[in-house]
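Atom set for the values below is all heavy atoms of this structure, side chains included, hydrogens, waters and symmetry mates excluded. In this text, all values refer to a predicted model and were calculated from it rather than measured experimentally. Note that ligands are numbered from 1 as they come in the structure, with each ligand's atoms numbered from 1 the same way.
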Amino acid sequence: MCGIVAYIGEKEAYPIVIKGLHRLEYRGYDSAGVALINDKLNVYKCKGKVADLENFTKDKDKSGTLGMGHTRWATHGEPNDANAHPHVSQDGKITIIHNGIIENYHPLKEELIKRGHTFKSDTDTEVLVHLIEDIQKNEKTDLAEAVRIALNEVIGAYAIVVISQEEPNQLIGAKKGSPMVVGIGTDEFFIASDATPIVEFTKNVVYLEDEEIAIIRRGEELKIKTIKNKDKTPYVQELELHLEALEKGGYDHFMLKEIYEQPRSIMDSMRGRLNAKEGIVRLGGLSDYEQKMINADRFIIVACGTSWHSGLVGEYLIEDLARIPVEVEYASEFRYRNPIITEKDVVIAISQSGETADTLAAIELAKSKGATIIGICNVIGSSIPRMSHAGSYTHAGPEIGVASTKAFTSQVTVLTLMALSLGRKKGTIPESRFRQLLSELELIPSKVEKLLKANDQIEYIASLFKDSRNFLYLGRGYNFPVALEGALKLKEISYIHAEGYPAAEMKHGPIALIDEEMPVVFIATKKGAYEKVVSNIQEVKARKGKIIAIVTEGDTTVKSMADFVIEIPETEEELMPILSVIPLQLLSYHIAVMRGCNVDQPRNLAKAVTVE
Ligand code: F6R
């Protein structure tokens, strides 16, 4: 979603801001803009990519050591030049960039119109900068105070940066609901929606809390106050992020790089948490809450998209190994249906970004009812971990491709560790089974490595099916969520319609779709309901569907029936999703590339969905 970057210091702001906007491109956007203050304020913005903005500003005055930039993902008003940020005040002196939604913008706008304000865009953001200007003029305050008063009148979510031509030595940031991080360099400061534009300049950052305002003045220390005017001491943290993680490192796309990173990212999710030889599984972040989890009436997993799919795998794992009842909920549905939540419930929020608005709202609701909140997130310092009682980071490293890949396998890895640890403590897993799963889990990264060698074969299969109009993905048991995930991957990056189903459900409807035009991807690995899946394959074959099957190495039964098979190494049934999803990621990737799609930034999608 929208990206924010701002700079104040001794260097020219424009190159830093533009580079920062490129780093934020992964979040998804449809227009971009910058504001720079030298003696006067210059604002440049246009529909399209950051490269279009660079083109647009080619011959313009880009000087100034105070500046900010924005990538916009349209919410109020279509993506066009006028609606792009920054927006300016009536007198053209104050300018704002904003991520989030001002819900009460309409009455505020009507009031401002009555007071003589005119608006150039359809956005809620423009209303906010006019409101700040109006307050500053009427209350005769400085800019920081006007921002503070304005934010007390606003309902909704925001991460904003405000600068003014009249106060050219000052940068103001504030947030509620949407993320914001301040970077502290030597004689320079940065503000951004996440740390990616900051990491090459400084490792010292402060994550703003909700309703905090950062007031940054040249030559002074960072000041933070709340919108209720309470001073706060900035808590400076050191970034763990490395610059290489934000580069493509020789791969054509971030998505491919991230698929190939999985042996390492899965290992990183287990590092220091698993010792098969000694029979130890330990999720340090959960230790204070483990007893509460063991005594829970049930777990409720809330998540969206790919994270919801890993939640489904989590349900199988936790019920199977720890015998704790689990419900998996779409966060967006859960929060609006008056769910029954008690103090004996444990709510697990799964999120790569840690910023997904629906997931955040779901845990806010559960927390207000007394439930214990456990976060499983990737982005360190993001909102969900900060709002949770306890949790485990997945440590997959930055995921830049919009389509989630390594985040999924890392989430499933952490859920596996959690289920094993709880099962051990509850005594619901026999010792020998526990040891077997631990040893096998340790081998997963090397099995992923081996499995990635099937890339060329998968690319070939992709070339044969790239023009298909529909796909069906079928799996059972642990492989059912993988079928859902495979279908989601394909539709989001290649724009081919795809559905995932439990294989046995096929005959209750989707079988009507099957003809010689319909590719059906079966996840038909050994163990579990293998024999049943084989019967489902036969049903598709009898109707001339084209079968692509993911099978366990050495399988001959399915091979004799399927049009194409992709072999994956053998593992325990519980761990299979971590392997079986990988060929599906590669299949989607190659199909999307062959169709000329923008793999890393698919149309209409955003990396962190910070609006409902
Ligand atoms: C799919 C994808 C989305 C996200 C979903 C939740 O590839 O990326 O479906 O999984 O928007 O995002 P997080 O995990 O950040 O909460």
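In terms of protein heavy-atom proximity, atom 5 (C) of ligand 1 is closest to C304 O, 3.6 Å. Annotation: atom 15 (O) of ligand 1 to nearest protein heavy atom, S353 OG, 2.7 Å. Atom 11 (O) of ligand 1 has V609 CG2, 3.9 Å as its closest protein atom, hydrogens excluded (heavy atom only). Closest protein heavy atom to atom 4 (C) of ligand 1: T306 N, 4.0 Å. In terms of protein heavy-atom proximity, atom 12 (O) of ligand 1 is nearest to T356 OG1, 3.5 Å.
Between Q411 and ligand 1, not a single N/O pair is under 3.5 Å apart. Checked against a 3.5 angstrom limit, the closest N/O atoms of V402 and ligand 1 fall inside it. Residue-to-ligand polar distances place E492 within reach of ligand 1: an N/O pair is separated by less than 3.5 Å.
The closest approach between any non-hydrogen atom of E355 and ligand 1 is not below 4.0 Å.
Every atom of ligand 1 is numbered from 1 in the order shown, and the set under 4.0 Å from a heavy atom of S307 is 10 (O), 13 (P), 14 (O). Atoms of ligand 1 found under 4.0 Å from any heavy atom of G305, numbered from 1 in the order shown, are 9 (O), 10 (O). Of all the atoms in ligand 1, the ones that sit under 4.0 Å from a non-hydrogen atom of A403 are 7 (O). Residue S351 approaches ligand 1 through these ligand atoms, each under 4.0 Å from one of its heavy atoms: 13 (P), 14 (O), 15 (O), 16 (O). In summary, the atoms of ligand 1 found under 4.0 Å from a heavy atom of K489, numbered by their order in the structure, are 1 (C), 7 (O).
Taking the centre of each ring, H253 and Y589 come in below the 6.0 Å mark. Y260 and Y251 have their aromatic ring centers within a separation under 6.0 angstrom. Here the two rings, on F564 and F465, have centers that are under 6.0 Å apart.
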Check against side-chain contact (heavy atoms from CB on, under 4.5 Å), K546 and M518: CA-CA 6 Å; K546 292 274 172 297; M518 176 64 102; over 6 Å; no

Walk me through whether L274 and L441 qualify under side-chain contact (heavy atoms from CB on, under 4.5 Å). CA-CA 9 Å; L274 166 71; L441 193 51; 4.1 Å; yes

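A donor-acceptor contact closer than 3.5 angstrom links the side chains of E399 and S404. Side-chain contact annotation: Q262 with Q585, donor-acceptor N/O pair under 3.5 Å present.
With S332 as reference, D358 is the one residue of V302, D358, T356 to meet the side chain to side chain contact (heavy atoms under 4.5 Å, CB included) rule. Partner of F299 under the side chain to side chain contact (heavy atoms under 4.5 Å, CB included) criterion, chosen from E319, E327, E315, M293: M293.
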